[in-house]
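Everything on this sheet refers to the single structure shown next.
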Amino acid sequence: MPPLAIRAYTATSALGRGLRAHADALAASRGGLSPNDFSIAPLDCWIGRVAGVEDEPLPADLSEWDCRNNRLAWLALRQDDFADAVRATRERYGAGRVAVLLGTSTASIGATEEGYRRLDHGRMPPDLHRPVLHTPHSLAGFVAAAFDLDGPCLTVATACSSSAKVFANAERMIRLGLIDAAIVGGTDSLCDSVLFGFNSLELVSPDPCRPFDARRSGISIGEAAGFAIVERVTEPADAPLLVGYGEASDAHHMSTPHPEGLGAELALRDALARAGIAPGDVDYINLHGTASQKNDEVEAALVARTFPASTRASSTKGFTGHTLGAAGILETALTLLSMRDGRVPGNLGANEPDPLCGPQMAWQTEMRDIRIALSNSFGFGGNNACLAFAHAGHAA
């Protein structure tokens with residue numbers, strides 16, 4: 001496929017606000033997980049919480065959209081001059097030619113939870129009687145309204161692959177001439193439905209998560225927001241490039257991956273083919289690596305049998321926790337930072353490597369030139385996505 005330029009990007013997570021905070025944390029191998037202090041009922045686990053979200057309401061003219069999820073999105077949108085980049089893109093192409101394509105798994109369900117806890121004679125309390133909040137489309141609707149964009153506006157909700165799949169949507173819309181640029185990304189914030197829902201599946205670890213560790217005991221849930229602007233490459237530029245993507249849905253099981261990694265491998269092969277590259281061309285893979293037993297087992301085997309020992313691979317969820325619908329965009333940002341800084345993040349938290357892991361796994365931080373990188377995002381129901389990125393000037 002013709003590559004797309006990533007003109008701007010940003011991320012906010014438990015590691016901090018903006019790209020510098022994330023780059024500094026990766027360089028120092030410093031994670032952002034902390035003991036759970038979020039749930040209304042005790043739940044003994046660790047979380048990746050963004051500090052200060054509660055204390056920063058939306059501006060008065062956007063107050064109709066105010067909730068934790070949209071506040072977190074607004075925090076991220078104001079980092080790294082991203083909001084200015086959005087306005088410049090709208091000015092360049094027109095409000096109707098810029099799409100808003102965002103992924104989320106829970107949207108603003110935290111506000112809905114609060115509303116049900118405070119029902120007033122069976123009705124939503126007046127301060128939460130705002131229909132725009134109680135819908136999966138709340139995030140995308142908010143971002144489009146905040147920047148006065150009236151192009152295509154789409155929410156992708158495919159669990160943990162949501163904010164990776166939006167890149168594929170952007171490429172198709174641009175290729176078909178429907179738009180000239182897209183705001184892609186996603187946000188998921190902490191809420192009790194997620195914490196207790198995953199806990200009921202026996203997937204939440206009581207300790208900080210340890211991706212690909214032989215003694216891993218489950219995931220640590222985090223929250224994050226991230227965004228990027230993608231558009232055609234119209235002139236030589238120093239922007240990183242999206243050079244390929246792959247999508248697959250194996251539908252093997254609602255919450256367990258295919259035992260041979262069928263869907264994950266289909267997405268991977270699709271991304272490599274679309275980018276016109278071979279496994280040996282890949283310098284680094286940001287793995288999905290949730291620290292759940294089955295996911296890590298399947299992904300480790302896939303990497304070991306597909307890539308040469310020279311390819312490096314690691315999960316960054318030991319830094320941030322699993323940010324669910326925001327994982328795709330957060331890990332895209334971390335991958336692009338790794339490419340920018342020439343740094344392979346170490347697989348934080350893993351002290352006893354799983355024997356299934358091959359020589360590709362980077363257990364400690366490594367300095368390395370990364371010209372081509374992949375980012376994996378695998379969701380419930382077998383919704384799999386793989387993104388391929390390259391330095392500017394790469395000819396796919």
Side-chain angles (χ1 to χ4, degrees), residues 6-26 32 48-93 95 98-104 106-108 110-111 132-133 137-151 153 155 163 166 170 181-190 222-231 239-240 320 323 325-334 336-337 340:
I6 302 173
R7 295 295 180 186
Y9 65 101
T10 188
T12 290
S13 74
L15 296 181
R17 303 182 183 188
L19 298 178
R20 181 172 181 176
H22 288 74
D24 289 348
L26 293 182
R49 183 171 186 167
V50 177
V53 178
E54 312 68 27
D55 304 321
E56 300 192 36
L58 296 181
D61 60 334
L62 296 171
S63 60
E64 179 185 19
W65 302 92
D66 194 33
C67 64
R68 185 179 186 86
N69 206 62
N70 289 338
R71 287 185 185 190
L72 180 53
W74 191 238
L75 287 178
L77 288 163
R78 290 181 288 135
Q79 309 306 313
D80 303 305
D81 299 319
F82 191 82
D84 289 340
V86 173
R87 296 184 184 102
T89 302
R90 183 188 61 198
E91 182 69 21
R92 180 178 180 183
Y93 295 116
V98 179
V100 176
L101 310 172
L102 301 181
T104 185
T106 60
S108 49
V132 295
L133 284 190
H137 196 54
S138 169
L139 171 66
F142 161 65
V143 173
F147 292 101
D148 195 24
L149 295 170
D150 56 13
C153 184
T155 297
S163 60
V166 292
I183 314 304
V184 298
T187 306
D188 257 350
S189 52
L190 290 166
E223 61 183 356
F227 300 92
I229 297 173
V230 295
E231 61 183 19
T320 65
T323 60
I329 186 62
L330 174 60
E331 289 153 22
T332 287
L334 295 176
L336 295 177
L337 286 174
R340 186 196 73 180

What pair of heavy atoms forms the shortest contact from Tyr93 to Glu231, and how long is it?
-> OH-OE1, 3.0 Å
Give the minimum heavy-atom separation between Val50 and Ser13, together with the two atoms involved.
-> CG2-C, 3.5 Å
Ser189, Ser108, Ser138 screened by side-chain hydrogen bond (donor to acceptor under 3.5 Å, both in side chains) with Asn69, the one that passes | Ser189
If you take all heavy atoms of Ile6 and Ala239, which pair is closest and at what distance?
-> O-CB, 3.4 Å
Residue list, side chain to side chain contact (heavy atoms under 4.5 Å, CB included) with Ala25, at least two apart or on another chain = Leu15, Arg30
Any chance you could lay out the salt bridge (Lys or Arg N to Asp or Glu O under 4.0 Å) test for Arg17 and Glu56, step after step, and finish with the verdict?
-> CA-CA 13 Å; Arg17 303 182 183 188; Glu56 300 192 36; 2.9 Å; yes
Non-hydrogen side-chain atoms of Arg90 and Asp148 separated by less than 4.5 Å = yes
Where Asp55 and Pro57 come nearest, the two heavy atoms and their spacing | O-CD, 3.4 Å
Spacing of Thr323 atom OG1 and Ile329 atom CD1 [to the nearest 0.5 Å] = 10.0 Å
What are the two closest non-hydrogen atoms of Asn70 and Leu133, and how far apart are they?
-> ND2-CD2, 4.1 Å
Atom pair CZ (Arg87) and CG (Leu149), whose distance is rounded to the nearest 0.5 Å | 10.5 Å
With distance as the sole test, does Glu223 use its side chain to make a donor-acceptor pair with the main-chain N or O of Leu190 at under 3.5 Å?
-> yes
Counting heavy atoms not belonging to Arg340, are there more than 12 under 6.0 Å from its CZ?
-> yes
Heavy-atom side-chain proximity of Gln79 to Leu19 below 4.5 angstrom | no
Has the side chain of Arg92 got a donor or acceptor atom that lies under 3.5 Å from a matching backbone atom of Ala88?
-> no
Atom OG in Ser163, atom CG in Leu139: separation rounded to 0.5 Å?
-> 10.0 Å
Can you find a pair of side-chain heavy atoms, one from Thr332 and one from Tyr9, that are under 4.5 Å apart?
-> no
Can you list the residues that meet the side chain to side chain contact (heavy atoms under 4.5 Å, CB included) rule with Ala76, with sequence neighbours excluded?
-> Thr12, Ala225, Phe227
Note: Ile183 and Ile229 closest approach over all heavy atoms is CD1-CG1, 3.7 Å
Decide whether Asp188 and Thr106 meet the rule of one side-chain donor and one side-chain acceptor closer than 3.5 Å.
-> yes
Do NZ/NE/NH1/NH2 and the carboxylate oxygens of Glu54 and Arg49 come within less than 4.0 Å?
-> yes
Which distance, rounded to the nearest 0.5 Å, do you find between the CZ of Phe142 and the CG of Leu77?
-> 6.5 Å
Could you state the interatomic distance from OG1 (Thr104) to NE2 (His137), rounded to the nearest 0.5 Å?
-> 12.0 Å
When rounded to the nearest 0.5 angstrom, what is the spacing between OG1 in Thr187 and CG in Leu72?
-> 5.5 Å
Tell me, please, which residues at least two apart from Ala11 pass side chain to side chain contact (heavy atoms under 4.5 Å, CB included).
-> His22, Leu330, Ala333
